[in-house]
Undergrad: 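This structure is in structure tokens; I'll ask about it shortly.
Since the model is a prediction, treat every value here as computed from it, not as a measurement. A note on names: the letters A, B, ... follow the listed sequences, proteins ahead of strands, and every chain is numbered from 1.
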Number of protein chains: 2
Amino acid sequence: MVYLLYNQYNMFTSSEENYLKAIYHLGLVAKKGVSTNAIAKKLDTKASSVTDMVKKLADKKVLIYQKYQGVNLTIEGKKIAALIIRKHRLWEVFLVEKLNFNWDEVHDVAEQLEHIKSPKLIDEIDALLGFPTVDPHGDPIPDKEGEITLRKKVKLSTLKENEETVLLAVKDSSDDFLRYLNKKKIAIGNTIKVIHIEPFDHSTLVQINDVELLITNEVAENLLVKESNAV
Amino acid sequence: MVYLLYNQYNMFTSSEENYLKAIYHLGLVAKKGVSTNAIAKKLDTKASSVTDMVKKLADKKVLIYQKYQGVNLTIEGKKIAALIIRKHRLWEVFLVEKLNFNWDEVHDVAEQLEHIKSPKLIDEIDALLGFPTVDPHGDPIPDKEGEITLRKKVKLSTLKENEETVLLAVKDSSDDFLRYLNKKKIAIGNTIKVIHIEPFDHSTLVQINDVELLITNEVAENLLVKESNAV
DNA sequence: AATAATTTTTAGGCTTATCTAAAAATTATT
DNA sequence: AATAATTTTTAGATAAGCCTAAAAATTATT
């Protein structure tokens with residue numbers, strides 16, 4: 001394969017890429033355009049800075065911007081954002097699988113690595129890892145065209161007693177939560193069976209990796225699992 | 001091991017790091033201070049830009065600058081530069097050994113990766129590679145303290161007939177030369193025996209990997225090998 | 001619907017890293 | 001040693017990405 005030519009997606013600065021990524025994430029849950037303030041909050045910057053950048057990105061045809069109406073990524077913009085997320089998530093898998101990082105340590109480094117420009121590099125990392133489809137948090141990895149295959153996920157708290165499932169992802173990715181999961185040896189892909197749900201506080205006794213464990217409802221709310229699998 | 005604290009070496013921009021690296025390389029062969037023009041040429045920038053940056057780096061105590069007298073790195077500056085070079089060379093080994101890059105493809109990517117800030121990342125890459133001491137071009141990899149162990153190297157052209165040696169490094173790292181070596185299947189670590197030297201043009205018949213090969217004197221001038229090993 | 005609160009934009013500045021053009025210092029040449 | 005050539009520095013500009021403060025537009029509340 002030949003990688004001599006830089007493609008059209010290589011002409012964005014790290015800052016521009018961070019905006020695209022933020023807008024992409026916000027756009028997934030927004031009903032209308034993504035607001036200036038929402039972007040500012042996500043990127044920990046000022047609304048006025050966002051307005052500036054958003055105008056620049058509109059000039060580059062990666063998003064549609066109308067004063068006071070928020071922004072929407074174009075098809076092009078969505079693809080570029082998805083490919084940055086692809087790189088981020090592949091690097092996360094690499095750090096955990098090959099370099100002994102814990103999944104609560106990967107984010108800051110992946111945040112830097114995602115901006116490295118080299119199609120061959122990320123393709124080879126992908127191959128080295130065996131073409132993974134989810135990152136260490138269970139989030140899907142977009143393919144080379146930027147397409148994401150979504151798996152139906154439900155909160156563990158929606159399951160009933162005796163149902164068995166597989167942990168697909170976590171809702172909350174805070175360091176505190178990830179460290180809790182580490183300590184309890186809970187990882188993506190683990191089989192989870194609901195043994196008993198306490199009606200009073202909805203605390204739940206589960207079996208994970210053949211070990212029984214009592215988790216609070218708050219934890220059960222943040223574990224995303226494969227849709228029911230009654231036994 | 002704990003990596004929570006950022007150390008004193010994390011406070012340089014990519015641009016500053018590039019200057020330090022360039023000055024370090026130029027300083028190895030300079031008798032006096034490294035000149036503004038030499039730095040400008042190496043970094044493909046203007047002398048006036050160099051003056052600006054050099055003042056800033058002097059303020060940060062990583063080099064000594066006196067108007068019109070060129071610059072010299074401080075102990076501190078040398079260490080920082082060596083650690084950037086360490087990262088660059090470890091990434092090069094990684095790209096070649098783990099990601100199927102050819103040694104003429106690694107430079108641009110390593111140039112980006114060397115600026116990633118994460119002590120754990122580079123330590124783990126180092127371990128994954130088995131703590132290599134030389135990069136794919138045979139250049140030594142500084143240790144974690146920035147110390148370089150130099151091996152005595154001589155040009156292949158200085159050997160006499162029947163002498164046997166090992167290829168340690170290449171003098172010229174141009175794409176053309178590296179591709180020539182690739183094509184001829186010549187790599188760092190290969191055993192080389194001088195079979196015959198033609199007195200007229202100093203072209204040399206050598207045996208590399210049990211294959212006889214005729215190389216020009218220009219090639220022999222650019223292959224750096226272990227000091228004589230008469231047979 | 002008018003006013004208040006909030007959001008967003010504009011206007012003007014700042015910093016980093018670059019540039020050009022001109023001035024100053026050093027080095028080379030006659 | 002004086003002059004010419006080269007190198008280096010200074011002065012002033014520019015672009016990217018950010019900021020504050022004030023103005024304008026939108027949204028919420030009475």
Undergrad: Do B:R86 and B:D126 sit within salt-bridge range, that is, some charged N less than 4.0 Å from a carboxylate O?
TA: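 Looking at B:R86 and B:D126, the cut-off is met.
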
Undergrad: Return the minimal non-hydrogen interatomic distance between A:I85 and A:Y24, and the atom names on each side.
TA: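 So the minimum-distance heavy-atom pair works out to CD1-CD2, 3.4 Å.
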
Undergrad: For the pair made of CG in A:D52 and P in C:dG12, what is the distance, rounded to whole Å?
TA: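 These atoms are roughly 14 Å apart.
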
Undergrad: State whether B:K117 and A:D108 are salt-bridged, where the test is any N-O pair (Lys NZ or Arg NE/NH1/NH2 against Asp/Glu carboxylate O) under 4.0 Å.
TA: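 No, no charged N to carboxylate O under 4.0 Å.
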
Undergrad: Measure across B:L128 and A:K98 and return the closest heavy-atom pair with its distance rounded to 0.1 Å.
TA: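 Minimum heavy-atom contact is CD1-O, 4.0 Å.
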
Undergrad: Should the pair B:H88 and B:H107 be assigned to parallel (<30°), tilted (30 to 60°) or perpendicular (>60°) ring geometry?
TA: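 Geometry flag for B:H107 against B:H88: tilted rings.
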
Undergrad: Considering non-hydrogen atoms only, spot the tightest contact between B:F94 and B:I125 and give its length.
TA: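 Shortest heavy-atom separation between B:F94 and B:I125 comes out as CD1-CD1, 4.0 Å.
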
Undergrad: Taking only Watson-Crick and G-U wobble pairs with both distances under 3.5 Å, what dot-bracket line describes DNA chain D, where [ ] shows pairs that cross earlier ones and | shows pairs with another strand?
TA: ||||||||||||||||||||||||||||||

Undergrad: Could you give all pairs that pass the ring pair (Phe, Tyr, Trp, His ring centres under 6.0 Å) test and reach residues 44-76 of chain A, with sequence neighbours left out?
TA: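 Pairs touching residues 44-76 of chain A that pass the test: none.
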
Undergrad: Mind calculating the distance between CD (B:E16) and P (C:dT16) to the nearest angstrom?
TA: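 Taking atom P of C:dT16 as the reference, CD of B:E16 is at 9 Å.
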
Undergrad: Tell me whether the OP1 or OP2 atom of D:dC18 has a side-chain N or O from A:Y19 closer than 4.0 Å.
TA: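 Affirmative; the distance criterion is met.
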
Undergrad: For the pair made of CE in B:M11 and C1' in C:dT15, what is the distance, rounded to whole Å?
TA: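 One finds 18 Å between C1' of C:dT15 and CE of B:M11, rounded.
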
Undergrad: Do any of residues 64-74 of chain B sit with a heavy atom less than 4.0 Å from DNA chain D, and if so which?
TA: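 Of all residues in residues 64-74 of chain B, the ones placing a heavy atom under 4.0 Å from DNA chain D are B:Y65, B:K67, B:Y68.
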
Undergrad: What's the NZ-C1' distance between A:K32 and C:dT7, to the nearest Å?
TA: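 So the NZ-C1' distance, A:K32 to C:dT7, works out to 13 Å.
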
Undergrad: Counting only side-chain N and O atoms of A:T51, is one of them less than 4.0 Å from OP1 or OP2 of C:dT10?
TA: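 So the side-chain polar atoms of A:T51 never come under 4.0 Å of the phosphate oxygens OP1 or OP2 of C:dT10.
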
Undergrad: Output one letter per nucleotide in nucleotides 1-6 of chain C: B when a protein non-hydrogen atom lies under 4.0 Å from the base, S when only the sugar-phosphate is that close, - when neither is.
TA: ------

Undergrad: Count the heavy atoms belonging to other residues, nucleotides or ligands that lie under 6.0 Å from NZ of A:K46, then report whether that count exceeds 12.
TA: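 No, the 6.0 Å shell around NZ holds no more than 12 heavy atoms from other groups.
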
Undergrad: Kindly state which residues belonging to residues 20-28 of chain A come within less than 4.0 angstrom of DNA chain C, counting heavy atoms of the residue only, listed by number.
TA: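 Contacting residues: none.
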
Undergrad: Can you check whether B:V109's main-chain N or O pairs, donor with acceptor, with B:Q112's side chain at less than 3.5 Å?
TA: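 No.
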
Undergrad: Compare every heavy atom of B:D135 with every heavy atom of B:R89, then report the nearest pair and how far apart it is.
TA: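 Looks like CG-OD2, 3.4 Å.
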
Undergrad: I need the NZ-C1' distance between A:K60 and D:dA16, as an integer number of Å.
TA: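 In whole Å, D:dA16 C1' and A:K60 NZ are 10 Å from each other.
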
Undergrad: So which atom in B:V106 and which in B:V96 form the shortest heavy-atom distance, rounded to 0.1 Å?
TA: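 Smallest interatomic distance, heavy atoms only, reads CG1-CG2, 3.6 Å.
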
Undergrad: Let's see if you get this right: which residues in residues 38-49 of chain A place a heavy atom under 4.0 Å from DNA chain C?
TA: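 Hits under 4.0 Å, by residue number: A:A47, A:S48.
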
Undergrad: Just how far, in rounded Å, is P of C:dT9 from CE of A:M53?
TA: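 My rounded result for the distance is 15 Å.
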
Undergrad: Do the charged groups of A:K21 and A:E17 touch, with an N to O distance under 4.0 Å?
TA: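 Result for this pair is no, no salt bridge flagged.
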
Undergrad: State which of D:dT8, D:dC18, C:dT8 makes the closest approach to the side chain of A:S35.
TA: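 The answer is C:dT8.
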
Undergrad: Could you report the tightest heavy-atom contact between B:P132 and B:L90, atom names first, then the distance?
TA: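 Minimum heavy-atom contact is CG-CD2, 3.7 Å.
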
